[in-house]
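In what follows, a single structure is set out as structure tokens and then discussed.
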Amino acid sequence: MSDLSKNFKVNLEPTINSGQVFLWEKIGKKWYGIDGDRVLVFDNEQKFEKNMKYESSFFRFDDNLLEISKELGKDKNVKNALKLYPDLRLTRQNPFQCYVSFIASSNSNIPNIKLRLKNLCKMFGKRTTIDNLDFFLFPSAHDLANATMSDIRKCGFGYRAKAIKSASISVVNGEINFEELKKIDYHKAKEKLLKIFGIGNKVADCVLLFSLEKLESFPLDRWMLRILQKYYSKKFQISTKTITEKTYDRLHENIIEYFGCYAGYAQQFLFKLERDLYGKKWL
DNA sequence: ACCTGACCTCGTCT
DNA sequence: AAGACGAGGTCAG
């Protein structure tokens with residue numbers, strides 16, 4: 001019988017700095033993160049108690065890491081990453097925040113995305129004080145659906161402002177229902193997300209993986225394609241250029257076949273591995 | 001069906 | 001010091 005409390009462990013540095021989240025910062029010795037209408041606070045020695053339900057859920061302590069590691073360890077690169085970042089966790093984020101964040105991420109870079117989202121919270125979110133520090137919570141779908149495009153634009157979203165607003169309206173009017181998307185399967189959920197203006201394959205996969213319980217989701221961005229080309233050129237043929245819808249789907253199928261149903265976890269570890277290799281730092 | 005270019009903004013780099 | 005460049009994609013033609 002394995003000690004379950006052993007599972008209640010996370011290393012914030014690789015978890016926060018692996019491209020899953022944007023609204024986190026380290027102040028002094030603590031990490032502060034916005035997740036929807038909450039501020040999560042941790043230090044690196046954080047002890048997780050059984051009553052910390054939200055936090056445990058955020059870091060997916062309910063996943064069977066033992067089984068997942070066993071499954072993923074079949075690949076040598078992922079195995080290597082698992083060893084390097086044993087307490088890197090996949091996150092289970094507030095779906096609306098995740099959805100907006102990744103729509104905001106397209107054709108941009110991490111510092112810019114962080115800046116925009118922070119501005120968005122400042123303009124539309126509620127202010128709250130923790131440890132004598134001010135934070136702004138993530139706005140609701142209602143807040144953003146009613147916002148003017150010009151105000152959203154002022155946050156630095158550029159042409160994405162239109163997508164942010166219309167995607168928020170889709171949540172308010174029920175076209176997008178996150179609880180429902182959690183229940184239906186990967187392909188059906190993805191199909192619904194792809195109908196939203198501003199959401200393509202990559203963004204849809206991020207939202208599905210980081211907030212909608214689809215662990216087989218494997219977002220293919222330019223980094224992932226580079227990684228696949230570099231280490232897996234024999235297994236998957238990558239054309240390197242921007243890939244078409246069909247190529248994306250075919251590639252994803254091959255990836256599931258190879259990495260299995262926890263492919264999303266594999267993606268997270270590989271991504272972190274390669275970003276570190278290039279010395280990319282976000283905080 | 002595939003391919004190509006345009007696209008807001010803001011670090012960085014010259 | 002101003003101007004070019006490109007960054008975790010998506011959409012329209």
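Naming: A, B, ... by sequence-line order, numbering from 1 per chain. A quick note: this is a predicted structure, and the numbers were derived from the prediction, not measured. These numbers come from the heavy atoms of this one structure, side chains and all, not from hydrogens, waters or symmetry mates.
Heavy atoms of A/Ile199 sit under 4.0 angstrom from primed sugar atoms or phosphate atoms, though from no base atom. Across all strands, A/Arg160 comes closer than 4.0 Å to base atoms (heavy-atom distances). Using a 4.0 Å heavy-atom cutoff across all strands shown, A/Ile196 reaches sugar-phosphate atoms only and no base atom.
Interface remark: the A/Asn112 side chain does form a donor-acceptor pair with the B/dT9 base, using a distance-only criterion of under 3.5 Å. A/Tyr248 contributes no side-chain N or O that forms a donor-acceptor pair with the base of C/dG9 under 3.5 Å.
Nucleotides C/dA7 and B/dT14 are separated by 14 Å at their P atoms, to the nearest Å. Taking atom P on both C/dG9 and B/dA1, the two are 25 Å apart, rounded to the nearest angstrom. Comparing the P positions of B/dC8 and C/dG13 gives a spacing of 14 Å, expressed to the nearest Å.
The interatomic distance linking A/Lys162 (NZ) with C/dA12 (P) rounds to 7 Å, in whole Å. Residue A/Phe102 contributes atom CZ, which lies 16 Å from atom C1' of C/dT10 at whole-angstrom precision. Note: CG (A/Asp249) to C1' (B/dA1) measures 13 Å, nearest angstrom. Remark: P of B/dC8 and CG of A/Asn109 are 17 Å apart, rounded to the nearest angstrom.
Between A/Met224 and A/Phe218 the shortest side-chain heavy-atom distance falls below 4.5 Å.
One finds the OG atom of A/Ser217 at 8.0 Å from the CD1 atom of A/Ile256 (value rounded to the nearest 0.5 Å).
Contact check of residues 166-177 of chain A against DNA chain B (heavy atom, cut-off under 4.0 Å) returns no residues at all.
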